[in-house]
Structures are given as C-alpha cells and as structure tokens.
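One structure is given here, and the rest of the page talks about it.
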Amino acid sequence: MNNTEAKRLKIRAKKHLGQHFLTDENIARKIVESLGSSGYDQILEIGPGTGVLTKYLLEKNQKLFLSEIDVESIDFLKVNFPENINENTFVGDFLKINIDEKFAEQIAVIGNFPYNISSQILFKIVESFQKIPEMVGMFQKEVAQRIAAVPRNKDYGILSVLVQAYYDVEYLFTVSENVFNPPPKVKSGVIKLTRNVKNGLENNEEIFKKIVKAGFNQRRKKLSNALKIIDIPENLKSHPFMDCRAEELSVEDFINFAKLWKGETKIF
Ligand code: SAH
C-alpha cells in the first residue's frame, strides 16, 4: 500500500473491537486539553483508531505510545503521521501489556475506550497506579457515573470505591451518541482521574478489595451479614460499621476498616 492509497483508506468500524470513531473535532480537542501538563514524562493512548485524539496529543511534544489491536488502524496511523508514528510507537493489546516492565517513567493514560472492555482497562490502570498519575478517558455514561459516584447514591459501588481509593475522580462532561461513526446505543461520559495522596493500604489491599466486593455484592444487607462470606475477625464483630450497609460507608471508612481487619481471612 502506498501513501496515497492509505490516506484514502476508509477504515471500516469493527463492532467486535468496540470501534466507534469520534467525528467532532472540538470534543476531541477538549478531551486532550483535559489532561494536565505535568507530573508525567510520557503519554499512552489506548485505542487511537484513526487518530482523532492522537493528532492533538502529538502537539503536546511528549513521548507518545499507542495501544491498538486493529491492524488497519495501525497502518492508517503510520501512513498519516509518518514523522511521529512508527512501529516503535505501538505497544500492543492494552490488556496484555505489563505496564511496570514496559514503562520506566511516569505515564499519563488517555483514550476513548472500547466499551466492551472499559472496566478491565480501568482496573488495570488502578493496579498500576504507581506508574500512572493521571488518566482522561471516555466510557459509556453509566460506567463513568458509577466511577464518580458518592456514598448513599445508587451508582456508588465496587467501581467507585476501588478507583477512588487511589484516584480523585472528576466527571468532566457527557458526549452525545450522534458525534460517533457509527453511533453507539448509549451516551458517553468523559472522566479524569488524578492520583491522590497515599491511602496507606500497602499491606491491606487484598482484604480491602474483599470487604468492598462482599459488601456491595449484597448491598441491601448490613455489613454484619454481607461480610459473613469472609471471616469477620473478633475485634470487628461489634464495630459500628457492621450495622451499616456498604453504600453508607465512605471510601475512607472502607480504608480504615480494612486497616483494622486483623488475622487470616478465608473465602468460602
Ligand atoms: N480513539 C478513536 C477510536 C475509539 S474506538 C476515536 O475516538 O475515534 C476504540 C478503539 O479501541 C478502537 O480503535 C479499537 O480497535 C481499540 N481497541 C479495542 N480493543 C483494544 C485493546 N484490547 N487494546 C487496545 N486497543 C483496543
């Protein structure tokens, strides 16, 4: 394929890859501008597709890496941005990269994420929080709302607590389905994550996640019941939190609770 052919190439959106190409340049620019300008040395864009965000990211003069699995999009980007994008720019399937090994320096993450795997993408980002100080990402609106939700709200759940323990979350704006080709069935929401101060969970991360998951898996029940699935240590059986439902606890409450949790826990 020569350059002229590739530039003319119309990429056919592939449903199984979650491809919906953003067609509104102002929104693309706004998403890229939402990324802060310090605290990281390089940027990783997940799912660049035909590069609607990528071209604005290139203006930032930071080292840019791209994670894309669609070979047609990869060819398109290499041909259309020959000075900036080549084989070495690509890091492969996001769900398969080892972020800590791949990137030595702090890296910001951005993307209009494929919705079918957006929660997996998010959890992977949170797992690598020590490398990722910031993320700006587009999700399906309901998911974005759940990530940003506050206690005593129906959207507040596992996603909210596990993310907010590591990042401050800002819901930036909603995006209509009409600015994509092809249009998705749902609206989208753009959120920004900014790594927050240390939560001190180093030795309690595992139990923290177990408490959050067990608590919200039976969200109508008080924690004294919902947490029976994990062995509740004696010192916490009469803790006031046991009388609450998971959605009544703040992220800090969950963190403190996990820190108080002592001894071995068994999952049945
Ligand atoms: N950023 C573009 C495309 C968004 S669509 C735009 O806004 O127009 C989502 C993109 O994610 C697609 O290009 C799809 O090929 C890519 N993608 C899907 N699964 C992926 C994965 N596991 N890793 C990296 N990219 C992926």
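First listed ligand is number 1; within each ligand, the first listed atom is number 1.
- Ligand 1 has a nitrogen or oxygen under 3.5 angstrom from a nitrogen or oxygen of G47.
- Near F21, the atoms of ligand 1 lying under 4.0 angstrom from a non-hydrogen atom of the residue are 3 (C), 8 (O).
- Scanning all protein heavy atoms for the shortest distance to atom 2 (C) of ligand 1 gives P48 O, 3.3 Å.
- E68 OE2, 2.5 Å is the protein heavy atom nearest to atom 15 (O) of ligand 1.
- Among all protein heavy atoms, the one lying closest to atom 7 (O) of ligand 1 is N112 ND2, 2.5 Å.
- For the side chain to side chain donor-acceptor pair (under 3.5 Å) with Y166, the qualifying choice from Q130, E127, E205 is E205, the only one to do so.
- Cation-pi geometry between K55 and F81 is not satisfied (NZ or CZ under 6.0 Å from the ring centre, within 45° of the ring normal).
- By the 4.0 Å N-to-carboxylate-O rule, E72 lies close enough to K14 to be salt-bridged with it.
- Nearest protein heavy-atom neighbour of atom 22 (N) of ligand 1: D93 OD1, 2.8 Å.
- Counting only heavy atoms of the protein, atom 19 (N) of ligand 1 lies nearest to I69 CD1, 3.4 Å.
- Residue G18 has at least one heavy-atom neighbour below 4.0 Å for each of these atoms of ligand 1: 5 (S), 9 (C).
- K222 and N225 are not linked by any side-chain donor-acceptor pair at a separation below 3.5 angstrom, with hydrogens and angles left out of the test.
- The Q19 neighbourhood of ligand 1 comprises atoms 5 (S), 12 (C), 13 (O), 14 (C), 15 (O), with distances under 4.0 Å to a heavy atom of that residue.
- Taking every non-hydrogen atom of D70 and a distance limit under 4.0 Å, the qualifying atoms of ligand 1 come out as 15 (O).
- Not a single N or O atom of T50, backbone or side chain, sits closer than 3.5 Å to an N or O atom of ligand 1.
- Scanning all protein heavy atoms for the shortest distance to atom 6 (C) of ligand 1 gives V52 CG1, 3.4 Å.
- Within a 6.0 Å sphere centred on NZ of K237, heavy atoms belonging to other residues, nucleotides or ligands number more than 12.
- Ligand 1 has no nitrogen or oxygen under 3.5 angstrom from a nitrogen or oxygen of P114.
- For L53, the closest heavy-atom approach to ligand 1 does not fall below 4.0 Å.
- The protein atom (non-hydrogen) at minimum distance from atom 25 (N) of ligand 1 is S67 O, 3.4 Å.
- Numbered from 1 in the order shown, with element, the atoms of ligand 1 that lie under 4.0 Å from a heavy atom of F94 read 23 (N), 24 (C).
- At least one N/O-N/O distance between L22 and ligand 1 falls below 3.5 Å.
- The environment of NZ in K78 is crowded: more than 12 heavy-atom neighbours from other residues, nucleotides or ligands sit within 6.0 Å.
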Stepwise, does the side chain to side chain donor-acceptor pair (under 3.5 Å) test hold for Y56 with E25? CA-CA 10 Å; Y56 297 110; E25 292 296 327; 2.6 Å; yes
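- Atom numbering of ligand 1 starts at 1 in the shown order; those under 4.0 Å from a heavy atom of H20 are 4 (C), 5 (S), 8 (O).
- Taking atom 18 (C) of ligand 1 as the reference point, the nearest protein heavy-atom neighbour is L17 O, 3.2 Å.
- Here the side chain of N153 pairs no donor or acceptor atom with the backbone of A149 at under 3.5 angstrom.
- Taking only nitrogen or oxygen atoms, main chain and side chain alike, S73 does not reach within less than 3.5 Å of ligand 1.
- Using modelled atom types and a 3.5 Å distance limit, the side chains of S188 and Q140 yield no donor-acceptor pair.
- For the pairing with F254, the ring pair (Phe, Tyr, Trp, His ring centres under 6.0 Å) check across F216, W261, F241 returns one residue only, F216.
- The six-membered or imidazole ring of F113 lies near that of F139, with a centre-to-centre distance under 6.0 Å.
- In this structure, F65 has its ring center no closer than 6.0 Å to that of F94.
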